[in-house]
Amino acid sequence: MRHVLSVLVENEPGVLSRISGLFSGRGFNLDSLNVAPVLEEGVSLMTIVTRGEQQIIEQIVKQLRKLVTVIKVTDMHDSTTVEREMALIKVNATESNRAEILRIVDIFRCKVVDVSLDELTLEVIGDHGKVEAVIALLERFGIKEIARTGTVALRRSMQPEK
Amino acid sequence: MEYSGARILLESLKKENVDVLFGYPGGAVLDIYHELSNHQDIKHVLVRHEQGAVHAADGYARATGNVGVCLVTSGPGATNTVTGIATAYSDSIPLVVLTGQVPTPLIGNDAFQEVDIVGITRPCTKHNYLVQDVSQLASTIKEAFHVARSGRPGPVLVDIPKDVQNQMHAFQYPERIKMRSYNPTYKPNNNQVRRAIELLSEAKRPLIFAGGGVISSNSSEELGTLVRSMQLPVTGSLMGLGAFPGDDPLWLGMLGMHGTYAANKAVSNADVILAVGARFDDRVTGKLSSFAASAKIIHIDIDPTSIRKNVEVEVPIVGDCKLALQGLLRVQETEFADVNWADQYDEWNKQIREWAVTHPVRYHDEESLKPQHVVETIFELTKGDAIISTEVGQNQMWTAQFYQFRQPRTLLTSGGLGTMGYGFPAAIGAQMAYPDKLVIDIAGDGSIQMNSQELMTAVSHKLPVKIVVLNNCFLGMVRQWQELFYDRNYCSTCMDAQPDFVKLAEAYGAEGYRVTDPAKLKETLKAAFDSPLPCIVDVRVEAEENVYPMVPAGASLEEMLLV
């Protein structure tokens, strides 16, 4: 099961390696990890995407909380969230298929951010599923390079009643 | 008034009531050592290898319950502490390890004796720090001690660059500390505590499983009161030995791979298990799927990660063992005052007694010198009033089986990491804390050779530690596995090329004894124990004796190999 974990940490040297070391040392899955400072001084937010059975996820959350530099861990699985990630995709674009690629760009509300005679570079923003879908559709044209961010997520302001 | 970083460090240590440092000087800590000569109230034990310093600080911590402190230089000095740090981390022992570092402008430049010790020890410390400015030194030391001793204790490393030791700054030791990211849970949830007693009130075959948490939280008394008022049988992990008196009729002995028949049968047949400060290590559980198959488990631990890590838990109680046991007692005495616990568990206790009587830990008492008999004799001579450390392997398991630990903090042993070479320096640390107590390292001929250089430390500091070597000319436990599971292929476990331990002791200015005749065992041990000097007693024991019972790795606890 895929879980998105929101982890508030003290923004100090070595904190990233404490977290990544925890995952590698204990054999936990780490699909993506995104980190940047938040509003509060000295605090960063890490958004970690991981997979595992319930018992493993519970261990991951507890182990993260145990780290002395970790302030708060939220498993986003327990609430409705907004999730986004971004990918830059450089795809082969010949005269014959350029129009079709642009149609995909249109349908998925991507942007063309760079262009040359035989390539298009697209920017796609969306949840994990959307980015995966765009990549799958573009594969047959030949993707030459790809750069992706990890997922970032926030809880929705209005949570459905349980 | 401004002090140098070195002085700030030492003043801070005094604020933490540190009276002894185990250490080894070097280039990157010279300023601290220079300052140390002005602080006669901090004793310094000069070891012969930095590994010895950490193990000694660890032994000091286990014996006293205080934070053990050691001081080493950068680079190799720091890396030599890693085994000791990992040992303490595995067993939740509070340590503060102070390492020197190259000056801050040189960090990252591959300077002489530079190593990223904070990076290296990240996964085996509870937390660690690099002090980058002298203004942060005092508060970092304060935080380090706080983290080391609070919650689930553990080792904390503080890396102090040489220029930070030189810089001048006003000294103000913080009164208290506030960490938004670190707040261990001490107070257990009352509802969970109530549920635990409720579950026990419905039980017919209950069992207490005591771990090292009972000892680190100093709650042996609470455990004893609960056990006696409810007539609960008790087993314990290796780390839990001493948490409950080993000569009490309710004590079943250790459980697990080399546990007693009664303990392993009890855990396999129990309907409720109350685990206190234990973590269900694989050496305890054996095959997980058949471990305590018919039991509902109540698990008290201060570390939430210990709960549901290996076994399913019916009633988790996160909190301090002492407060949780007090809570259980309170609920039991008030809300469950009319339950007749003794009656309710009577049949079960009888069954357990029968297991214990029909299958005690035993060995074939032949004419040869049996290692088990040596441990029994040590117990007989000390009557349990000694601090015992062990190395790792057969010597450790025989000590666990045949020495009846009556008091907490009287066994110093590397349980989780299984560090050979731990016992002797740990005994030195304990002897430093208790100069008048008898401190004995029960060793094997393999493991004593891992840190025997510390004989010089013991002699020079007049620490009369006794080393009893159960000498079978083998790496005995590995040989036992080879015998049982590797076709008796004794590859590289025969250690008959060994020093003359008597001469080795004498070379360092200690006393050496040798026992080959069983009839001379007791008097020789007594002479060594009465001596004012550190001693090695080289006891030539039966070479191919095995530790039984034994549960083969991966088997269920009921599949014990017996004598």
Side-chain angles (χ1 to χ4, degrees), chain A residues 1 3 5-30 33 35-48 50 52-75 77-78, chain B residues 86 89 92 104 107-108 116-133 136 140 143-148 150-159 177-185 279-280 288 299 301-313 316 318:
Chain A
M1 192 77 181
H3 283 243
L5 307 179
S6 210
V7 185
L8 276 179
V9 299
E10 298 284 355
N11 187 6
E12 58 181 49
V15 64
L16 180 59
S17 107
R18 284 183 206 282
I19 305 262
S20 62
L22 173 68
F23 277 77
S24 63
R26 293 188 180 269
F28 296 146
N29 288 307
L30 186 58
L33 187 157
V35 53
V38 293
L39 286 176
E40 196 180 347
E41 184 89 11
V43 178
S44 284
L45 177 68
M46 287 192 185
T47 311
I48 294 172
T50 182
E53 294 184 8
Q54 195 48 44
Q55 185 260 344
I56 297 289
I57 299 293
E58 186 184 320
Q59 248 322 286
I60 294 174
V61 170
K62 286 171 166 179
Q63 291 286 356
L64 284 168
R65 285 187 180 139
K66 189 174 162 179
L67 293 175
V68 170
T69 37
V70 168
I71 301 165
K72 192 177 175 201
V73 183
T74 315
D75 184 352
H77 202 70
D78 304 333
Chain B
Y89 186 62
S92 311
T104 45
I107 291 180
D116 175 14
I117 196 64
V118 168
I120 288 172
T121 57
R122 218 168 259 140
C124 61
T125 49
K126 181 169 171 186
H127 196 51
N128 58 18
Y129 302 87
L130 169 65
V131 183
Q132 286 176 299
D133 192 277
Q136 268 134 44
T140 304
E143 215 172 283
F145 276 85
H146 172 65
V147 170
S150 58
R152 178 178 176 176
V156 175
L157 181 139
V158 185
D159 200 21
I177 207 122
K178 198 169 158 19
M179 296 169 71
R180 60 181 164 187
S181 58
Y182 176 73
N183 292 295
T185 307
R279 62 186 176 90
F280 295 94
L288 263 179
H299 191 176
D301 206 289
I302 197 155
D303 179 0
T305 69
S306 290
I307 293 171
R308 290 209 181 101
K309 184 169 64 180
N310 299 329
V311 297
E312 213 19 72
V313 171
V318 175

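All figures in this text were calculated on a predicted structure; none of them were measured in a lab. First the proteins, then the strands, lettered A, B, ... as listed; each starts at 1.
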Within the 4.5 Å heavy-atom criterion, are [X] and [Y] side-chain neighbours or not?
X	Y	value
B:H127	A:L67	no
B:M179	A:I71	no
B:K126	A:K66	no

I need the [X] [atom1] to [Y] [atom2] distance, nearest 0.5 Å.
X	Y	atom1	atom2	answer
B:N310	A:Q59	CG	CD	8.0 Å
B:Y182	A:E10	OH	CD	14.5 Å
B:N128	A:R18	CG	CZ	4.5 Å
B:R308	A:Q55	CZ	CD	9.5 Å
B:S306	A:K62	OG	NZ	8.5 Å

Answer with side chain, backbone, both or neither: which region of [X] has an atom nearer than 4.5 Å to a non-hydrogen atom of chain B?
X	answer
A:Q63	both
A:L8	neither
A:V70	backbone

Answer key: most heavy-atom pairs under 4.5 Å with chain A among B:P304, B:G119, B:P123 is B:P304

Proximity breakdown for B:L130 and chain A, heavy-atom pairs closer than 4.5 Å:
neither

Could you look at B:D303 and say if it's the side chain, the backbone, both or neither that has a heavy atom under 4.5 Å from chain A?
side chain

Write out, in numerical order, the residues from residues 40-47 of chain A with a heavy atom short of 4.5 Å from a heavy atom in chain B.
A:E40, A:E41, A:G42, A:V43

